[in-house]
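Note: hydrogens, waters and symmetry copies are ignored here, and every other heavy atom, side chains too, is used. Bear in mind that the values here come from a model prediction, so they are computed numbers and not experimental data. Chain letters run A, B, ... following the sequence lines, proteins first and then strands; every chain starts at 1.
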2 protein chains.
Amino acid sequence: MKHTKIIDLINSTNFLHEVKAKGWVRTFRNNQFIALNDGSTIKNIQCVVDFENLPADLLKKIHTGAAISVTGTLVESKGAGQNVEIQVNNLEVLGEANPDEYPIQPKKHSLEFLREQAHLRVRTNAFGAIMRVRSVLSYAVHKYFQDKGFVYFNAPIITGSDAEGAGEMFRVTSLPLDNLPKKEDGSIDFSEDFFGKTTNLTVSGQLEAEAYAMALGQVYTFGPTFRAENSNTSRHLAEFWMIEPEVAFNNLDDNMDLAEDFIKYVIKYVLEKCEDDLQFLEERLLSEEKNKPQAERSDMSLLQKLNFVLENNFKRVSYTEAIDILKGCKPNKNKKFKYLINEWGADLQSEHERFLVEKHFKCPVILFDYPADIKAFYMRMNEDGKTVRAMDILFPGIGEIVGGSQREERYDKLVERMEAMGVDQEELWWYLETRKFGTATHSGFGLGFERLVLFVTGMTNIRDVIPFPRTPQNAEF
Amino acid sequence: MKHTKIIDLINSTNFLHEVKAKGWVRTFRNNQFIALNDGSTIKNIQCVVDFENLPADLLKKIHTGAAISVTGTLVESKGAGQNVEIQVNNLEVLGEANPDEYPIQPKKHSLEFLREQAHLRVRTNAFGAIMRVRSVLSYAVHKYFQDKGFVYFNAPIITGSDAEGAGEMFRVTSLPLDNLPKKEDGSIDFSEDFFGKTTNLTVSGQLEAEAYAMALGQVYTFGPTFRAENSNTSRHLAEFWMIEPEVAFNNLDDNMDLAEDFIKYVIKYVLEKCEDDLQFLEERLLSEEKNKPQAERSDMSLLQKLNFVLENNFKRVSYTEAIDILKGCKPNKNKKFKYLINEWGADLQSEHERFLVEKHFKCPVILFDYPADIKAFYMRMNEDGKTVRAMDILFPGIGEIVGGSQREERYDKLVERMEAMGVDQEELWWYLETRKFGTATHSGFGLGFERLVLFVTGMTNIRDVIPFPRTPQNAEF
């Protein structure tokens, strides 16, 4: 007899038939009630065993974490909080989990402890819920773009570029590090490396996405990107997944519309598809925050916060307006900011972004038209000659979740900026050619996927929303 | 006025209204007919200009590759092969493409030449079609698994593993190669590297996927994987995308069923969604093969071949049966094989796989139960003690497209195999723990995505089905 997934059993009303279920024991109470989970849903199915008729040595093997197979009769449950249960006729232990050794016991474990057990933490309610939400959110990303006719495109991970303007890069090599080939002048001979030159891990697929948008019109990437920056914070990973749409003929306003519509779509999608998991995460957050002082608690519950994003327009504010607000605000005047805002041109720090989003506007904010000096070379220069058509989307609790721009499509202006900012034109010959042959207005943005998952799940550390996080000093598993 | 995508204009019957289109000029005939493409479809829309009323210097700028914007009236077309056209009232050149410099002219370019122009080749019919098919195929992969309740999961790209059993690895480092930190004994001090130890690019997410399947039941990865092998062939890439489903409680038969069902689903999906692109690729292949001797031409057209896969069961053959067939076959007896098959235990080469698929069975073949000695440590040992529950799926023209197995779920047997094959148990402590705590039967496979795209598009070189291929001596763009 084939087993049935627990999610299907729980939603079944086909009572009094024999069913088989397989999964892992979450708890075993009174030598009688097994809560069984198979990962298909956060809900466990209750399996009622007749302990008087089961061999004692079999009963002894039923512990949290053990894999078992049960056959029995599906019946309506009299217990609270569940509709169905299995009255077990037959039980087989597939794999034991010695309670003296198994680290995941039915009690509260700290997130720090669970990070050390990344191969097992997904067996807990919280991480099961997070990873299911993450998966559905990924699918929503693809569905949104595909339904609109975007072409999914894989930017290269290994790149010959030394700098793409977005951050420090990891070197990729197949040379023997303890015996590097040398040229006559003593320098390393990279012509002997796998690709015949130095290569790095990509920090962004944007430049290649631009080339593809100039042929296919609407494209998007969704792949891993890397930063070799020693940022040991709750918001940074060395390896993270990024979504980068790029659209021919879109200007910055179209770009903002796309980003806002996209974010609302994927949040709406998970709200509809992940009700049970989000309900659990909402309760988890409430109970986490119980122990915090009132001032540090969220104004809204998780579901309220997600619905708030859906129901409200993102506030669009120019950088210049934002600076005016920040210059005049209390924490600036009272010198509560670590970096005081004195003049136009200052780069905004996380404290400023959070003030704007969480205290001033109290909603997601799109900042646009940044000073050219603090932004990348490929952003389109405004007529004022000092600001560029950049935009950042800032989210409460998360900070920057999207960074994008209208791209500089004018060949001469682009060359000028590359020269001014010391960007290698020879290396980017192909990028320049996209401005030489059939250039057109185009725009795009990058969204750090894990920051979105952080927002949607209400978690606070980015290491808890990716299966096996990569951070400084940590590449375990 | 907002522009409309060309695919929507072509499918429109809302005639005699003003429309705007933007795109790139494919051809310009008789100073009158512009074939305009915006990447939304392989089809061009014909734009008819009244050259007597357009300024001569504007007309001179209309060349293949130029980006233009046209407004005009959508009318039924009298021309052959198109339903609609635009009678242009207004034309704007957004970006020129000097015909003396622009490499992609309306003539036949060799695939080799186009590889050197990977940023522009996607502006051709063939590469536009390939990349749209690739995108829809990607989506079909997600849709298949998500509809079945699988959890999409991102395996780490940077791994602390030195060997995962699947091939040579690239080293990842942030150490300065020209000034490597040394320990007292003169060896490199990797504790100063970003992750505090040596790291590499993943060759497979399978081991991590197994850990996730042991919690979430059904999972799949779809991400980039890497091989630092100097394989300069038309079937190998140093960077390629792989799909790796892993399912708890599945045995090898279930695994074969899943793989066959999955492949048929995604092929059916693109046949339905990419009719125009596949039609073009079918004709392209026919015209390519016209110049070949009869014996080298395909028996079937592209669409016939795809439908053949849908309509026929994959032939399931044990390794032992396959060896018997090969030992007795003509090319073996006549010593036409480069590697002659003399005895049970021989590793099958591409020539043998192709014989079985293309000459003997003439359909996709699933080979299973391979000798343990030629397979990886994690495959489940059969009762005979000499074969493992491995399977490979072989496709005509492609060779191996899927490699999978039922995994060794028994702790003692796994340790035994790791010892015998010299696999580091300390490094894989977490993998071993999945067998220690709640182990169960499980199976999975890996499918090289580019080989699938190769099969579906009828292309013959794997470098032509990924946007920016990475191969020995090549990391351009």
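Among the candidates A:His3, A:Gln117, A:His119, the residue making the largest number of heavy-atom pairs closer than 4.5 Å to chain B is A:His119. Chain A forms more heavy-atom pairs under 4.5 Å with one residue of B:Tyr431, B:Phe153, B:Trp429 than with any other, namely B:Trp429. Counting heavy-atom pairs under 4.5 Å between each of B:Gly65, B:Gly217, B:Ala118 and chain A puts B:Gly65 at the top. Interface summary for chain A: among B:Glu210, B:Glu409, B:Lys143, the most heavy-atom pairs under 4.5 angstrom belong to B:Lys143. For chain A, the option among B:Gly438, B:Gly128, B:Gly95 with the highest count of heavy-atom pairs below 4.5 Å is B:Gly438. Note: A:Ile158 leads A:Thr41, A:Ile158, A:Asn474 in heavy-atom pairs under 4.5 Å with chain B. Among B:Pro156, B:Ala211, B:Ser69, the residue making the largest number of heavy-atom pairs under 4.5 Å with chain A is B:Pro156. Most heavy-atom pairs under 4.5 Å with chain A, from the set B:Ala238, B:Pro469, B:Gly223, B:Ala215: that is B:Ala215. Counting heavy-atom pairs closer than 4.5 Å to chain B, the top residue among A:Ile466, A:Val122, A:Val151 is A:Val122. Per-residue heavy-atom pair counts under 4.5 Å with chain B were compared for A:Met214, A:Arg132, A:Glu96, and the maximum is reached by A:Met214. With chain B as the partner, the residue from A:Gly160, A:Ser174, A:Ala228 showing the most heavy-atom pairs under 4.5 Å is A:Ala228. With respect to chain B, the highest number of heavy-atom pairs below 4.5 Å among A:Gly186, A:Gly23, A:Ala97, A:Ser135 belongs to A:Ser135.
B:Phe190 touches chain A through its side chain: at least one heavy atom from C-beta onward sits under 4.5 Å away, while N, CA, C and O do not. With a threshold of 4.5 angstrom between heavy atoms, A:Ser40 approaches chain B through N, CA, C or O but not through any side-chain atom. Only the backbone of B:Phe222 has a heavy atom closer than 4.5 Å to any heavy atom of chain A. Proximity to chain B involves both the backbone and the side chain of A:Ile157, based on heavy atoms less than 4.5 angstrom apart. With a threshold of 4.5 angstrom between heavy atoms, A:Glu239 approaches chain B through side-chain atoms but not through N, CA, C or O. Contact annotation for A:Glu92: neither backbone nor side-chain heavy atoms come within less than 4.5 Å of a heavy atom of chain B. In this structure, no portion of B:His63 lies under 4.5 Å from any heavy atom of chain A. In this structure, the portion of B:Gln146 lying under 4.5 Å from any heavy atom of chain A is its side chain and not its backbone. Both the backbone and the side chain of A:Asp178 come within contact range of chain B, each with at least one heavy atom under 4.5 Å from a heavy atom of that chain. Only the side chain of A:Ile188 comes within less than 4.5 Å of a heavy atom of chain B; its backbone N, CA, C and O stay farther away. Contacts between A:Phe150 and chain B at a heavy-atom distance below 4.5 Å involve the backbone alone (N, CA, C, O). Only the side chain of A:Pro224 comes within contact range of chain B, with at least one heavy atom under 4.5 Å from a heavy atom of that chain. No part of A:Lys182 comes within reach of chain B, as not one of its non-hydrogen atoms sits under 4.5 angstrom from that chain. Only the backbone of A:Thr471 comes within contact range of chain B, judged by heavy atoms closer than 4.5 Å. Proximity to chain A is limited to the backbone of B:Asp193, based on heavy atoms less than 4.5 angstrom apart. Contact of B:Ser191 with chain A is made through the backbone alone, with heavy-atom distances under 4.5 Å. Contacts of B:Leu120 with chain A are made by side-chain atoms alone, with heavy-atom separations under 4.5 Å and no backbone atom involved. Within the 4.5 angstrom heavy-atom criterion, only side-chain atoms of B:Gln218, from C-beta onward, approach chain A. For chain A, the nearby part of B:Trp24 is the side chain; its heavy atoms alone come within less than 4.5 Å. Heavy atoms closer than 4.5 Å to chain A are found in both the backbone and the side chain of B:Asn154. Using a 4.5 Å cut-off between heavy atoms, A:Phe226 contacts chain B through its side chain alone, with no backbone atom that close. The part of A:Arg134 that comes within reach of chain B is its side chain, from C-beta onward, which places non-hydrogen atoms under 4.5 angstrom from that chain. No part of B:Glu450 comes within reach of chain A, as not one of its non-hydrogen atoms sits under 4.5 angstrom from that chain. When heavy atoms are compared at a cutoff of 4.5 Å, A:Lys2 approaches chain B solely by way of its side chain, counted from C-beta outward. Both the backbone and the side chain of A:Glu101 come within less than 4.5 Å of a heavy atom of chain B. For a residue to count as touching a neighbouring chain, one of its non-hydrogen atoms must lie under 4.5 Å from one of that chain's; by this rule B:Glu433 touches chain A with the side chain only.
Ring centroids of B:His442 and B:Phe249 are separated by 6.0 Å or more, keeping the two rings apart. Close placement of the B:Tyr220 and B:His142 rings is indicated, their centers lying within 6.0 Å of each other. Aromatic pair A:Phe240/A:Phe449: ring centres not closer than 6.0 Å.
Residues A:Glu192 and A:Leu175 form a side-chain contact, since some pair of their non-hydrogen atoms from C-beta on lies under 4.5 Å apart. Looking only at side-chain heavy atoms (C-beta outward), B:Leu94 and B:Ile68 stay at 4.5 Å or farther from each other. Between B:Val136 and B:Val133, every side-chain heavy-atom pair lies at or beyond the 4.5 Å cut-off. Within the 4.5 Å cutoff, no side-chain heavy atoms of B:Thr199 are placed close to those of B:Thr173. Inter-residue side-chain proximity for A:Leu177 and B:Leu177 is flagged as met; some heavy-atom pair is nearer than 4.5 Å. With contacts defined as side-chain heavy-atom distances shorter than 4.5 Å, the pair B:Arg227/B:Leu237 does not qualify.
With A:Arg121 contributing its side chain and A:Pro467 its backbone, the two residues share a donor-acceptor pair below 3.5 Å. Side chain of A:Glu208 to main chain of A:Ala155: no donor-acceptor pair is present (N/O by atom type, distance under 3.5 Å, no hydrogens or angles). In this structure a side-chain-to-backbone donor-acceptor pair under 3.5 Å is missing from A:Thr439 to A:Lys436. Judged by distance alone, with hydrogens and angles left aside, the side-chain atoms of B:Thr225 form no donor-acceptor pair with the main-chain N or O of B:Trp241 at under 3.5 Å. Put simply, the side chain of B:Arg26 gets close to the backbone of B:Arg123: a donor and an acceptor are under 3.5 Å apart. Looking at B:Gln105, its side chain does come within 3.5 Å of a backbone N or O of B:Tyr102 through a donor-acceptor pair. The backbone N or O of B:Thr159 sits nowhere less than 3.5 Å from a side-chain atom of B:Asn200 that would complete a donor-acceptor pair.
Ring pair A:Tyr139/B:Tyr139 is parallel by interplanar angle, where below 30° counts as parallel and above 60° as perpendicular. Using cut-offs of 30° and 60° on the angle between ring planes, the pair B:Phe170 and A:Phe195 is parallel.
A cation-pi contact, defined as under 6.0 Å to the ring centre and within 45° of the axis, is absent between B:Arg470 and B:Phe468.
Here the closest heavy-atom approach between residue A:Tyr212 and residue B:Met131 is recorded as OH-CE, 3.6 Å.
A salt bridge links B:Glu476 with A:Lys197; the closest basic N to acidic carboxylate O contact falls under 4.0 Å.
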